[in-house]
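Structure first, then comments.
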Amino acid sequence: MRYLIVAEAYRDLERLSSRLALTERLAALLAQTPADLLPTVCYLCQGLIAPEFAGVDLGMAEKLAVRAVASTTGTSAEQVAALVRETGDLGQAAERLLTSPATEPAGLTAGLEVGEVVRTLREIAAAEGAGSQGRKLELLAGLLARATPVEACYLLRLVTRNLRLGIGTPTVLDALAQVHAGGKAGKKVLERGYNICCDLGKVAATLVSGGLAAVEGLRVQPGNPVRVMLAQRLADAGEILARLGGQCAAEYKYDGVRVQAHRTADGRIELFTRRLEEISDQFPDVVELLAAGLGPSEAILEGEVVAYDAAAGELRPFGEVMLRRRKHGIDQAVQDVPVGLFCFELLYADGEDLTMLPYPRRRAALEAALTLSPRLRLTTAAEVTDPAVLDATFAQAVTDGCEGLVCKSTGPDSGYQAGARGWQWIKLKRDYRTELSDTADLVIVGAFAGRGRRAGVYGAVLLAAYDADADVFRAVTKCGAGFTDADLAALPARLAPLQSPHKPARVDARQEPDVWFEPGLVVEILSAELTLSPNYTAAWGQIRDDAGLAMRFPRFTGRWRDDKAADDATTTRELAELFLNARRTPAGG
DNA sequence: TATGGCTGCCC
DNA sequence: ATTCTGC
DNA sequence: GCAGAATGGGCAGCCATA
């Protein structure tokens, strides 16, 4: 099958926006795909070359791809990068370069085969060791040299993991159902199949070879990760309870790494992250905890791995558990950063799929399946029916060092919805509630060119706090979330008078924005918390010698502080105080 | 051998 | 992770 | 309300290069 067929389908998809039309066009592509290539084309439509949990990393992304484009088109990497900045899309930039008369010796571009595209990308993924970057570059450049401009465009978007077609896995499932399962009716079955095996190619192959019945026959199986259930967000206790039918189980939301632990029939224990990465090697202590404390001979359970001082009963911040995400020096790291596993779900036990059971029964089964120990624990949970009690529970959770609560439905609808972000689980976090959150009024000192749908406007801004002692503005975060299209459209005009050809004298930042601005425009920024930062210079040295402050999950609140001048902005001293107060009293007032 | 850029993956 | 937008 | 696509900080690993 020619890759051009796929690329042209992509081109059509990109121009559509109605979901029905997208599904229709995708179905047409799948319908003309030979059965043996169907799994591959499904992966390609997901922006993958293998199932997520296969662990295939290209080790190549935009920067290397830019060099490959430069090499193929006989331009410089700087020129390609400039075009990327202008168009907001490497695929488009390459397509333009390949189409220009200077580089196109007409007719020489025979085009690619789907098979060779995938084979070559796998070869790129496999390349490692000295000289591997050059090899990856060569391989991609080789493909590009024979690709038509449209093929090059989507090949590059595939490599940069940014297909931008307006379709995701749910739409591919829709299309698959339409083509091979006799219409929309099959969608639910396919969805379920995908959610429990996490392999769209396998679902497609199963469907084609054995029909819908075969897909229905796919089973949850220890050793094969299940797509995790996700939570909605809400800021108000009353609303949450209303959504959950007046009653919920409020569980502490720990700030760590979510893991899905599998014990297979042979007794091995494997840990997967929420994005299906295998991380058993990084947490041998967690594997041991489960080996000792997990009853069922086969099981799938979920919990949060949290840096945890068991002796003090103290939950440690997120950053500490991240130090455990390493490949080398694990033994030392295990000693340096002790962790606990706080369990909250049991999906499978002793041959039985529990995902259809309502939450209370799963929780009971979880409790029965575990022999708890100081580091192997259950999440703190409470049945709640009163908004005031929910608020109090929330406050306690934050005081105890948690992010907040996950409020879970206890009703008949409370099965484990693999892969779904439904309303059976609702998150309540401190920063969702403006009155409890720390906002800062920060000064825009720079901006970055937008990508994709933000091409042509700024995609993010560089923000600084005011160091009143030095009369300098020190960078504290970038921010691109929270801006509406209208906000973004308005930004260039607001900032134009402040634009500077170089970093302004009163700005202290290590980042290199595409455009600098004299401090003048102030915006309100909300964040989950302040963190120590090796990259941002706000309050540098005030808390720790070699660190400044940055923001976790920054977003624009929508409030332009036109009433404030730059030196009325939040000061670095105030940020330092906020940081220190947050550490002493997690409840924050 | 040390450093820095890039990548991938946690949140 | 959070947030916005088109359907 | 779903699905998709914008965007954040920061760490470790790997490779290229000074």
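In what follows, chains carry the letters A, B, and so on, assigned in the order in which the sequence lines appear, proteins first and then strands, with residues in each chain numbered from 1.
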Under 4.0 Å from OP1 or OP2 of D:dA12: is there any side-chain N or O of A:R325 that close? no
A:F553 side chain: which of C:dT2, B:dT7, D:dG10 is closest? C:dT2
Name the closest nucleotide to the A:E128 side chain, picking from D:dC15, B:dC11, D:dG10. D:dC15
Could you tell me whether A:R510 contacts a base, only the sugar-phosphate backbone, or nothing, with contacts defined as non-hydrogen atoms closer than 4.0 Å? nothing
May I ask you to say what A:R324 touches in the nucleic acid, namely base, sugar-phosphate or nothing, with a heavy-atom cut-off under 4.0 Å? nothing
So which one's nearest nucleotide on DNA chain D is more toward 5', A:W423 or A:K478? A:W423
Can you check the A:L58 CG to D:dC14 P distance for me, whole Å? 17 Å
Round to a whole Å and report the spacing from CD1 of A:I444 to C1' of D:dG8. 15 Å
Expressed as a whole number of angstroms, how long is the span from A:M322:CE to B:dG8:C1'? 11 Å
For A:S280, what residues pass the side-chain hydrogen bond (donor to acceptor under 3.5 Å, both in side chains) criterion, not counting sequence neighbours? A:E278
Candidate list A:R67, A:R451, A:R161, test salt bridge (Lys or Arg N to Asp or Glu O under 4.0 Å), partner A:E62, passing option: A:R451
Respond yes when some side-chain nitrogen or oxygen of A:T531 is under 4.0 Å from OP1 or OP2 of D:dG10, and no when none is. yes
Flag for A:E191-A:N195: side-chain donor and acceptor within less than 3.5 Å: no
Does A:N162 make a side-chain N or O approach to OP1 or OP2 of D:dA6 shorter than 4.0 Å? yes
May I have the distance from A:I525 (atom CD1) to D:dT7 (atom C1'), rounded to whole angstrom? 12 Å
Check every strand shown and say whether A:L64 touches a base, only sugar-phosphate, or nothing at a heavy-atom separation below 4.0 Å. sugar-phosphate
Check the distance between D:dA16's P and A:K136's NZ and give it to me in whole angstrom. 10 Å
Among C:dA1, D:dG9, D:dG10, the one nearest any side-chain atom of A:K427 is C:dA1
What's the CG-P distance between A:L48 and B:dG8, to the nearest Å? 13 Å
Tell me which nucleotide among B:dC11, D:dA5, C:dT2 gets nearest to the side chain of A:R164. D:dA5
Counting heavy atoms from C-beta on, name the nucleotide in D:dT7, D:dC2, D:dA3 closest to the side chain of A:R454. D:dT7
Winner on side-chain proximity to A:Y536, out of D:dG10, D:dC14, B:dT7, is D:dG10
Tell me what A:S527 touches on the nucleic acid: a base, only sugar-phosphate, or nothing, going by heavy atoms under 4.0 Å. nothing
Report which part of the nucleic acid A:A130 touches: base, sugar-phosphate, or nothing (heavy-atom distance under 4.0 Å, all strands). sugar-phosphate
Just checking, is any N or O donor in the side chain of A:T379 or A:E251 under 3.5 Å from an acceptor N or O on the other one? yes
Phosphate OP1/OP2 of C:dT2 contacted by A:K429 side-chain N/O (<4.0 Å): yes
Should A:R326 be listed as having a side-chain N or O under 4.0 Å from OP1 or OP2 of D:dA12? yes
Please report the distance, rounded to the nearest Å, between CZ in A:R15 and P in D:dG4. 20 Å
So if I take every side-chain heavy atom of A:D485 and compare against C:dT5, D:dC11, D:dT7, which nucleotide ends up nearest? C:dT5
Would you mind telling me which of D:dC15, D:dA3, D:dC2 lies closest to the side-chain atoms of A:Q133? D:dC15
Thinking salt bridges, do A:E52 and A:R275 make one under a 4.0 Å N-O criterion? no
Is A:E95 paired with A:R11 through a side-chain N to carboxylate O contact shorter than 4.0 Å? yes
Nearest-Å distance for atom pair CG/P, residues A:D336 and D:dC11: 16 Å
Checking all strands, does A:R258 fall into the base, sugar-phosphate, or nothing category for heavy-atom contacts under 4.0 angstrom? sugar-phosphate
Which is true for A:G450 with a 4.0 Å heavy-atom rule: it touches a base, it touches only sugar-phosphate, or it touches nothing? sugar-phosphate
State whether A:R233 places a side-chain N or O below 4.0 Å from either non-bridging phosphate oxygen (OP1 or OP2) of C:dT2. yes
Reckon A:R555 has a side-chain N or O less than 4.0 Å from the OP1 or OP2 of C:dT3? yes
Would you tell me if any nitrogen or oxygen in the side chain of A:T484 comes within less than 4.0 Å of OP1 or OP2 on C:dT3? no
Can you tell me if A:Q424 and A:S414 form a side-chain donor-acceptor pair at under 3.5 Å? no
Does the side chain of A:R324 come under 3.5 Å of the side chain of A:Q282 through a donor N or O and an acceptor N or O? no
With sugar-phosphate meaning primed atoms plus P, OP1 and OP2, does A:E304 contact a base, only sugar-phosphate, or nothing at under 4.0 Å between heavy atoms? nothing
Under 4.0 angstrom, heavy atoms only, what part of the nucleic acid is A:F483 near: base, sugar-phosphate, or nothing? sugar-phosphate
Nearest to the side chain of A:L323 - D:dA12, C:dC7, D:dG13? D:dA12
Could you tell me whether the side chain of A:L26 reaches within less than 4.5 Å of the side chain of A:C45, counting heavy atoms only? yes
When you match A:G422 and A:G459 each to their closest nucleotide on DNA chain D, which lands nearer the 5' end? A:G422
Presence of A:S17 side-chain N/O under 4.0 Å of C:dG6 phosphate oxygens OP1/OP2: no
Check whether any side-chain nitrogen or oxygen of A:N535 sits under 4.0 Å from OP1 or OP2 of D:dG10, and answer yes or no. yes
Phosphate OP1/OP2 of B:dT7: any A:R161 side-chain N/O under 4.0 Å: no
If I pick the C1' atom on C:dA1 and the same atom on B:dG8, what distance separates them, to the nearest angstrom? 16 Å
On the nucleotide D:dC2, are OP1 or OP2 found under 4.0 Å from the side-chain N or O atoms that A:Q232 carries? yes
Which of the following nucleotides, C:dT5, D:dG1, D:dA16, is nearest to the side chain of A:S132? D:dA16
For D:dC14 and A:K327 - does any side-chain N or O of the residue sit under 4.0 Å from the phosphate oxygens OP1/OP2? yes
